[in-house]
Number of protein chains: 2
Amino acid sequence: MELPGVNPARQKRSREMTEALLEAGKRLLARRSLAELSVEELCASIGASVGAFYSRFQSKEAYFQALQLLACRRATEALAGDGAPERFAGRPLAEICLAIAKGGVGWMRAYEGVARAALQHGGTHPARWTPFKELGREVQERWRPLLLARLGRSARRRNERAVGFAFQLLYGTMVNIVLNDPGPLSLGDPDLPEQLARAMAAALRGA
Amino acid sequence: MELPGVNPARQKRSREMTEALLEAGKRLLARRSLAELSVEELCASIGASVGAFYSRFQSKEAYFQALQLLACRRATEALAGDGAPERFAGRPLAEICLAIAKGGVGWMRAYEGVARAALQHGGTHPARWTPFKELGREVQERWRPLLLARLGRSARRRNERAVGFAFQLLYGTMVNIVLNDPGPLSLGDPDLPEQLARAMAAALRGA
DNA sequence: CAAGAATGATAATTATGGTTCTCATTCTTG
DNA sequence: CAAGAATGAGAACCATAATTATCATTCTTG
């Protein structure tokens, strides 16, 4: 695995430490923002030293980019494997929406901290957010044909817009949950995927 | 107007400067995050000095809290005046939802920068977000009775949850637009309130 | 129109935390 | 089992930006 801004480790100990640093970041970011997570604290948490960190990662920002890239890679893999849209071709709209929502929520649950950190400066620090935005676009593109197929042949233009808005509802609600957890539904709520799916389906049907 | 963390100005010039500082913050935050907006830059933008700033505001954070409080105050006023829910009692569900969505979007448009800054550290810096969360709760509480009245008498519990989720969709989508503007609809899009209202209504009906 | 309070300009202070440096230690490999 | 590369500990360095201190200027008011 080659990541930009990350000097490849040639010795085993170093590879393990790199891995541990990435794992620790994923864990610690569940509680602090990236700015609040100092390199020193990060290293201390796994008994490494700052020097070690910088002999591996070109900068704190590069470290975070790597973290983010790994999270996105996992999602892309899922999109090609178990969660592949093709498996739902021909299924009813409600079922497709549920699969989409489950996939999204599941991923968010796994990468909550990384996602939050990336989101926190999405608007002002575009580079930090780009991989996630890219991922969102990719997911939507993969599902779109199936949704359009369920939506009748007329008003193609309008239907496409409806698909975009359905995803906007999905992503928006999830983002707000991750950032602010306003309730009533939280990320851990078992009903969440179902509710989101219902909202998406309604938005699509009502187009 | 007394604001916590703000030393009241006793001379006119100073009052004007306080006002100008708050106004400048509202404007500048449209482009940068709060962290990126240095006190020095803020002051320079209106030809004031850092010392002047600190003779008025106890800290940068207090300054931002004041900014936020003013924005919330405006919303609360609107809720008591033109945008009062009571004016829509007895109207159809779709119309009520549209009024809600219009109110929310309109407010976001007016206070986009302040809202974004508050949102950016909502999760990790609870104090910064609290007034907004409070406002959201208040808005929802004011509209809830009208919505429930439109939703049939049975399954009260379920209906209340549906109202909560409808607002979660609304707020979530708006928050994500403000933070990341993912499209297809942007904050400035004339269709936005209508689309959001439709989604809310669908979520409510499908409860 | 003074006297004293309020204000504000400027420069110093400080805290934080990312980044770099140095050198001892540990691997790898011929 | 050396020799040289890779690694890592720890401290030093530095940049940024919030905050505070000092003192001249401007208001207010009796």
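So that the names make sense, note that chain A is the first sequence line, chain B the second, and so on, each numbered from 1.
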- Message: Rounded to whole Å, please give me the gap between CD in A:E40 and C1' in D:dA11.
- Response: 11 Å

- Message: Quick test of your reading: applying side-chain hydrogen bond (donor to acceptor under 3.5 Å, both in side chains), list the pairs with at least one residue in residues 74-86 of chain B, sequence neighbours left out, ordered by first then second residue.
- Response: B:R74-B:Y111, B:E86-B:R142

- Message: Using OP1 and OP2 only, check whether a side-chain N or O of B:Y54 sits under 4.0 Å from D:dT20.
- Response: no

- Query: What's the OH-P distance between A:Y63 and C:dT19, to the nearest Å?
  - Reply: 13 Å

- With sequence neighbours excluded, what pairs up with A:E16 under the salt bridge (Lys or Arg N to Asp or Glu O under 4.0 Å) test? none

- Message: Can you tell whether the side chains of A:E160 and A:R157 come within less than 4.0 Å, N to carboxylate O?
- Response: yes

- B:N180 side chain to B:P182 main-chain N or O, any donor-acceptor pair under 3.5 Å? no

- Integer-rounded Å distance: D:dA17 C1' and B:L37 CG: 12 Å

- Query: Which pairs pass side-chain hydrogen bond (donor to acceptor under 3.5 Å, both in side chains) with one or both residues in residues 45-54 of chain A, sequence neighbours excluded?
  - Reply: none

- Scan for side-chain hydrogen bond (donor to acceptor under 3.5 Å, both in side chains) pairs involving residues 19-32 of chain A, sequence neighbours excluded, and state none if there are none. A:R32-A:E41

- Task: State, yes or no, whether a side-chain contact exists between B:L42 and B:S38 at a heavy-atom distance under 4.5 Å.
- Result: no

Which protein N or O atoms sit under 3.5 Å from an N or O of nucleotides 4-9 of chain C?
residue, atom, partner, partner atom, Å
C:dA6, OP1, B:R10, NH1, 2.5
C:dT7, OP1, B:R10, N, 2.8
C:dT7, OP1, B:Q11, N, 3.2
C:dT7, OP2, B:R56, NH2, 3.0
C:dA9, OP2, B:S49, N, 2.8
C:dA9, OP2, B:S49, OG, 2.6

- Task: Answer with yes or no after comparing the ring centroid distance for B:F64 and B:W129 against a 6.0 Å cut-off, counting only values under it.
- Result: no

- For the pair made of CD in A:E16 and P in C:dC27, what is the distance, rounded to whole Å? 11 Å

- Message: My understanding is that only residues two or more places apart in sequence, or in another chain, count here; which of them pass side-chain hydrogen bond (donor to acceptor under 3.5 Å, both in side chains) with B:D181?
- Response: B:S186

- Query: Between B:K60 and B:L34, is there a donor-acceptor pair closer than 3.5 Å when you use the side chain of the first and the backbone of the second?
  - Reply: yes

- Item | Paired and unpaired positions of DNA chain D as dot-bracket, Watson-Crick or G-U wobble under 3.5 Å, | denoting a partner strand | ||||||||||||||||||||||||||||||

- Any salt bridge (Lys or Arg N to Asp or Glu O under 4.0 Å) pairs touching residues 3-14 of chain A, not counting sequence neighbours? none

- Query: Considering heavy-atom distances to DNA chain D, does B:K12 or B:K60 have its closest nucleotide positioned more toward the 5' end?
  - Reply: B:K60

- Message: Give me each pair satisfying ring pair (Phe, Tyr, Trp, His ring centres under 6.0 Å) with a member in residues 169-195 of chain A, each pair once, sequence neighbours excluded.
- Response: A:F167-A:Y171

Output a table of nitrogen or oxygen pairs between the protein and nucleotides 12-16 of chain C separated by less than 3.5 Å.
none

- Among residues 20-31 of chain A, which residues get a heavy atom nearer than 4.0 Å to DNA chain D? none

- Task: Starting at atom CZ of A:F57, determine the distance to atom C1' of C:dT20, rounded to an integer number of angstrom.
- Result: 18 Å

- Could you pull out all residues at least two apart from A:F88 that satisfy ring-ring contact (aromatic ring centres under 6.0 Å, His included)? A:W143

- Note on the structure: From CD of A:Q58 across to P of C:dG18 the rounded distance in Å is 17 Å

